[in-house]
Amino acid sequence: MPASSKTINFKVRIPKKVKSTYSRKEIRSAVLAVKDGKRSTNGKAPVFSRS
Amino acid sequence: MAEQRDLRSVFINCPFDPAYQPLFSAVLFAVCVLGFEPRSALEVEDSSDLRLEKIYALIESCPFSIHDLSRTELSEKSKFPRFNMPLELGIFLGAKRFGPRHFRKKKAVIFAKDQFVKTFISDINGMDINGHGDQPANVIAPIRHFLVSDQKRRGIPASVIEKHFAAFETDLPSIVDQLGYKPEEPQYGDLLEILREWLEAHPVSIRNSA
């Protein structure tokens with residue numbers, strides 16, 4: 001049986017109280033830059049602090 | 001009267017130390033990719049609130065919860081074990097047992113490093129404990145099955161989630177670097193916002209029989 005693919009993209013929910021230092025636009029821009037192949041050379045895993 | 005207004009919120013009761021972060025990221029990723037909302041004590045920054053009150057409120061409002069007892073071990077510094085996670089699991093079990101009738105529907109998935117946890121909390125014998133062996137990929141399938149089993153729609157296969165999570169982990173250092181952060185600077189809110197934007201930029205495709 002031939003197989004096709006379908007896209008599943010559930011709405012991503014994060015708590016309203018949570019704040020980021022950067023705006024969604026800035027973060028989206030960074031995400032898309034990396035998606036387009038712009039990668040850093042250090043590759044060190046980030047450590048997320050508590051607050 | 002206690003309420004569970006958001007039917008897709010998931011209380012996450014797990015360690016927040018740096019060594020646990022790869023597992024914590026995997027837990028957050030699995031919850032978010034399936035369209036659920038992760039809730040944890042980390043999101044409340046008002047230090048004038050008692051931490052336990054925050055925990056009560058989160059357990060009260062979340063129909064689902066994820067408990068990881070893997071760090072209930074002796075601290076090298078204090079030589080005492082950390083009991084926060086078992087305590088919060090106990091509060092959850094108490095709420096489910098003695099709370100309003102609709103609290104009986106609250107559901108939980110429990111993780112530990114291995115089955116050894118049952119030797120020091122023998123009262124949980126009979127409950128299913130998922131051993132993850134400190135491997136992030138090992139938390140994804142149990143969380144996926146736990147959350148999807150309660151939904152009327154089909155979810156994303158665990159293998160697909162694992163593949164996407166590996167791609168996210170590969171991209172994360174570069175995204176943080178692009179933002180101008182040093183690796184130790186981002187905060188919990190940054191991780192969630194990066195996760196949201198990454199998932200929106202990388203929709204999940206699954207095979208579909210024609």
Side-chain angles (χ1 to χ4, degrees), chain A, chain B residues 6 8-9 16 18 21-22 24-25 31-40 42-45 47 154-156 160 169-210:
Chain A
M1 182 177 286
S4 59
S5 67
K6 64 179 177 182
T7 298
I8 298 180
N9 212 9
F10 293 121
K11 181 185 176 190
V12 183
R13 301 157 196 265
I14 65 172
K16 290 186 177 70
K17 285 181 181 174
V18 170
K19 301 292 179 207
S20 169
T21 308
Y22 292 94
S23 68
R24 284 191 71 177
K25 188 178 175 185
E26 289 168 317
I27 291 175
R28 186 177 304 136
S29 173
V31 167
L32 293 176
V34 173
K35 188 181 181 185
D36 291 341
K38 197 170 182 179
R39 295 186 178 273
S40 70
T41 51
N42 75 24
K44 191 175 174 187
V47 177
F48 292 88
S49 64
R50 191 183 184 92
S51 60
Chain B
D6 189 345
R8 301 182 73 82
S9 56
F16 301 126
Q21 286 212 351
F24 188 46
S25 292
V31 169
C32 287
V33 77
L34 292 165
F36 288 79
E37 180 181 6
R39 305 294 310 275
S40 89
L42 286 178
E43 72 195 52
V44 186
E45 294 182 10
S47 52
R154 297 178 72 183
I156 302 167
V160 175
E169 286 285 275
T170 301
D171 285 357
L172 193 54
S174 297
I175 294 168
V176 168
D177 192 51
Q178 282 286 319
L179 288 168
Y181 274 130
K182 291 178 182 172
E184 68 278 11
E185 287 180 322
Q187 299 178 347
Y188 176 62
D190 297 314
L191 174 60
L192 285 181
E193 286 287 5
I194 292 170
L195 184 48
R196 171 159 63 185
E197 294 304 324
W198 192 92
L199 285 170
E200 289 185 0
H202 300 78
V204 177
S205 292
I206 62 170
R207 289 171 65 89
N208 183 29
S209 295

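This is a predicted model, so every value here is computed, not measured. Computed over heavy atoms, backbone and side chain alike; hydrogens, waters and symmetry mates excluded. Naming convention: chains lettered A, B, ... in sequence-line order (proteins, then strands); numbering from 1 in each chain.
- Under the side chain to side chain contact (heavy atoms under 4.5 Å, CB included) criterion, B:Glu197 pairs with A:Arg24, A:Ile27, A:Arg28, A:Val31, B:Glu200, sequence neighbours left out.
- Taking 4.5 Å as the limit, some side-chain heavy atom of B:Asp190 sits within range of a side-chain heavy atom of A:Thr21.
- Looking at B:Val160, neither its backbone nor its side chain comes within 4.5 Å of chain A, counting heavy atoms on both sides.
- Most heavy-atom pairs under 4.5 Å with chain A: of the set B:Arg39, B:Lys182, B:Arg196, this distinction falls to B:Arg196.
- Of the two parts of B:Val176, only the side chain, counted from C-beta on, holds a non-hydrogen atom closer than 4.5 Å to a non-hydrogen atom of chain A.
- Of all heavy-atom pairs spanning A:Ala33 and B:Gln178, the tightest one is CB-OE1, 3.8 Å.
- Between chain A and the options B:Pro22, B:Pro38, B:Ser25, the largest number of non-hydrogen pairs under 4.5 Å is found for B:Pro38.
- Of the possible polar contacts, none joining the A:Arg13 side chain to the B:Phe36 backbone as a donor-acceptor pair under 3.5 Å is found.
- Interatomic distance, A:Lys35 NZ to B:Asp171 CG, rounded to the nearest 0.5 Å: 10.0 Å.
- Nearest approach of B:Glu37 to A:Pro15, heavy atoms of both residues: OE2-CA, 3.0 Å.
- In this structure the side chain of A:Phe10 reaches within 4.5 angstrom of the side chain of B:Ile156, judged on heavy atoms.
- Scanning for side chain to side chain donor-acceptor pair (under 3.5 Å) contacts around B:Ser9 gives an empty result, with sequence neighbours left out.
- Counting only heavy atoms from C-beta outward, the side chains of A:Ser20 and B:Ile194 never approach each other to under 4.5 Å.
- Counting heavy atoms from C-beta outward, B:Glu193 and A:Ile14 have side chains that approach closer than 4.5 Å.
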